[in-house]
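Here the structure comes first, spelled out in structure tokens, and everything after it is commentary.
This one's a predicted model, so the numbers in the text were calculated from it and none came from an experiment. Letters go in sequence order (proteins before strands), and every chain restarts at 1. Values below: every heavy atom of this structure, side chains too, minus hydrogens, waters and symmetry copies.
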2 protein chains.
Amino acid sequence: MAFKSLSQPRIRLADQVYDQIMQAIRDGSISTEDRIVQEKLADEFEISRTPIREALFRMEQEGILELAGRGGFRIRKLDEAEIAEMYGARSAIEGSAARMLAEAGDKATCAALRARITRAEDMTENTVQAYFDANRSIHRAIVEATRNRFLLEFFDNIWNRGSSFTLFASIQFVDLSKSLGDHMSLIDAIETGDGWAAAEKMILHIHDGKELQMRGL
Amino acid sequence: MAFKSLSQPRIRLADQVYDQIMQAIRDGSISTEDRIVQEKLADEFEISRTPIREALFRMEQEGILELAGRGGFRIRKLDEAEIAEMYGARSAIEGSAARMLAEAGDKATCAALRARITRAEDMTENTVQAYFDANRSIHRAIVEATRNRFLLEFFDNIWNRGSSFTLFASIQFVDLSKSLGDHMSLIDAIETGDGWAAAEKMILHIHDGKELQMRGL
DNA sequence: ATTGAGAATACTGTATACAGTATACTACCA
DNA sequence: TGGTAGTATACTGTATACAGTATTCTCAAT
């Protein structure tokens, strides 16, 4: 049997709607001021409200949207306390990931991560968005390397949240080459095999990002 | 004006359905074999499919249910690898929580946690369910004490998952008084103020639970 | 007894219709 | 001009209706 299964697992409208709205939030077509109304979206997409509702509720549950009484949904804004907690959660997840990788002590994984970092650093365009994507993809690769689906899910949850698109990315204040170099020394720490040291390094790295972020507010 | 606000934030049917199904899974009224069909539930609840769908999709997203083609949803079963990852994720979340608490070094919090543990230990009935609840509530209190909403959310996500109701609770093999005593020494470790030591203690404690669990499989 | 065609069934996903309620709008009265 | 009553509007949540598609079932043919 050389045929690929034709059964398309699911091409639900709700999924497509989800992706598109997500994209719209990312590129700023939907701002934090905008009200997000089911009927409006249904009109735009030229489908019924049902799949829209589904996508919207999903985003609410993920903490990306919040509902504003009868005024529909809106993008969830994070206050300063919540942003701090976010960085705390990142420390927990990504710090633990670093620890686990160090304890696992797999050279091949480290090599792969290094390659990944080099590739991510090699940005063609020098925009905030590009830097954000590169940074995210590096951090994600580290969590991914633990092969722990839960951690990866939590990682994505955090990074998708609210306006975190712009969060974590106050590039205007950051020395690009330094930041990216930091990632390599993160792998160094992992490679030594000392779990706690690796975790600490990661936590400090995230803390640096937080300082930068907070200064930008 | 002596009247209490009547505005009930939201009493959506979907929420009630969610709670009830959750409860049914917990107490075993719905088993992993059962197919969960929207229409059937709608009949039982005597409401339309719409709120049922919403609740079901929410549970799917939380990883509690999975959909089985046209056969509706079913309870998601975890394979051994996934269970291991689950414990890994617990180590990350709860270990980090212990570290954070230790670093914060708040005596009052520790005292409150001790009180909580004593209270939780004081079980009236000696069932698996009671032990599970007590254990969960103790661990949850520790995460709660970090006042980090993300960590708490992730904690709940893990503990609500799949058949984790019975997971984490292989009481038949466990020495109750020892296990519960362990919790106190966990607080001891936190109280010393050494973040890494506290994290390690928590991770070991969780590891013990895992060993127990795996033996039971 | 097995196989295959065709119909019946049992689901889902999507669209539409309806009812209720908070907000916005208007016009009247002080 | 300010405030209030009454009405229109703009939303949501829920119910219902419809279409499509796997699955299961039935039954005849080999």
Side-chain angles (χ1 to χ4, degrees), chain A residues 1 3-22 24-25 30-76, chain B residues 1 3-22 24-25 30-76:
Chain A
M1 164 74 110
F3 296 116
K4 214 172 75 178
S5 166
L6 289 181
S7 78
Q8 308 146 28
R10 272 207 285 180
I11 22 139
R12 294 191 295 162
L13 287 178
D15 292 342
Q16 299 170 236
V17 169
Y18 177 90
D19 290 340
Q20 293 218 34
I21 298 180
M22 207 68 171
I25 294 177
I30 302 179
S31 86
T32 47
E33 314 305 328
D34 292 326
R35 291 188 321 159
I36 298 171
V37 173
Q38 301 178 1
E39 252 168 11
K40 292 268 174 55
L41 287 174
D43 279 355
E44 282 198 46
F45 283 109
E46 301 187 286
I47 60 176
S48 82
R49 262 173 55 214
T50 314
I52 306 276
R53 276 180 66 81
E54 201 181 310
L56 254 29
F57 278 124
R58 189 163 144 211
M59 295 176 101
E60 187 204 7
Q61 205 194 344
E62 287 172 348
I64 296 163
L65 300 180
E66 66 186 355
L67 72 165
R70 79 282 107 236
F73 288 86
R74 77 165 85 86
I75 295 179
R76 180 130 179 274
Chain B
M1 164 76 106
F3 296 115
K4 209 171 77 177
S5 166
L6 290 180
S7 80
Q8 308 145 28
R10 270 208 287 181
I11 22 139
R12 295 191 294 162
L13 288 178
D15 292 342
Q16 300 170 237
V17 169
Y18 177 90
D19 290 341
Q20 293 218 34
I21 297 180
M22 208 66 172
I25 294 177
I30 302 179
S31 86
T32 47
E33 314 306 326
D34 292 327
R35 291 189 323 159
I36 298 170
V37 173
Q38 302 178 2
E39 251 167 13
K40 292 267 174 55
L41 287 174
D43 279 356
E44 283 197 47
F45 283 108
E46 299 186 289
I47 60 176
S48 82
R49 263 173 55 213
T50 314
I52 306 276
R53 276 179 66 81
E54 201 181 310
L56 254 28
F57 279 123
R58 189 164 143 210
M59 295 176 103
E60 187 204 7
Q61 206 193 342
E62 287 172 349
I64 296 163
L65 300 180
E66 67 186 354
L67 72 164
R70 76 282 109 232
F73 289 86
R74 75 166 86 87
I75 296 179
R76 179 129 181 277

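- Atoms CZ and CD, from A:R76 and A:E62 in turn, are 12.5 Å apart once rounded to the nearest 0.5 Å.
- Each end of the helix from C:dA1-D:dT30 to C:dA30-D:dT1 gets its own axis, taken as the rotation carrying the C1' atoms of four end pairs onto the next four within a five-pair window, and the two axes meet at 10° to the nearest 10 degrees.
- Side-chain atoms of B:I25 and B:L65, non-hydrogen and from C-beta on, do get closer than 4.5 Å to each other.
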Considering only nitrogen or oxygen atoms on both sides, find all protein atoms under 3.5 Å from nucleotides 8-12 of chain C and state each distance.
from   : atom 1 : to    : atom 2 : distance (Å)
C:dC11 : OP1    : B:R35 : NH2    : 2.8
C:dT12 : OP1    : B:Q38 : N      : 3.2

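- Looking at heavy atoms from C-beta onward, B:L67 lies out of side-chain contact with B:L56 at the 4.5 angstrom threshold.
- A:L41 is not listed as a side-chain neighbour of A:V17, based on a closest heavy-atom distance of 4.5 Å or more.
- Phosphate proximity of C:dT14 to A:S48: absent, as no side-chain N or O sits under 4.0 Å from OP1 or OP2.
- The CZ atom of B:F45 sits 12 Å away from the P atom of D:dA15 (whole-angstrom rounding).
- Rounding to whole angstrom units, CD of residue A:E54 and P of C:dA15 are separated by 12 Å.
- Summarising the geometry, the separation between CD1 on A:I52 and P on C:dG13 is reported as 16 Å, rounded to the nearest angstrom.
- Closest non-hydrogen pair, B:A14 versus B:A55, comes out as O-CB, 3.6 Å.
- An OP1 or OP2 oxygen of C:dT14 is reached within less than 4.0 angstrom by no side-chain nitrogen or oxygen of A:T50.
- Put simply, the side chain of A:D19 never gets that close to the backbone of A:Q16: no donor and acceptor are under 3.5 Å apart.
- The side-chain heavy atoms of B:I64 and B:F73, taken from C-beta on, include no pair separated by under 4.5 Å.
- When rounded to the nearest whole Å, the span between CD1 of A:I47 and P of D:dA19 equals 19 Å.
- No donor-acceptor pair under 3.5 Å is formed between the side chain of A:D43 and the backbone N or O of A:K40.
- Following rounding to the nearest Å, B:Q16 (CD) and D:dG13 (C1') show an atom-to-atom distance of 12 Å.
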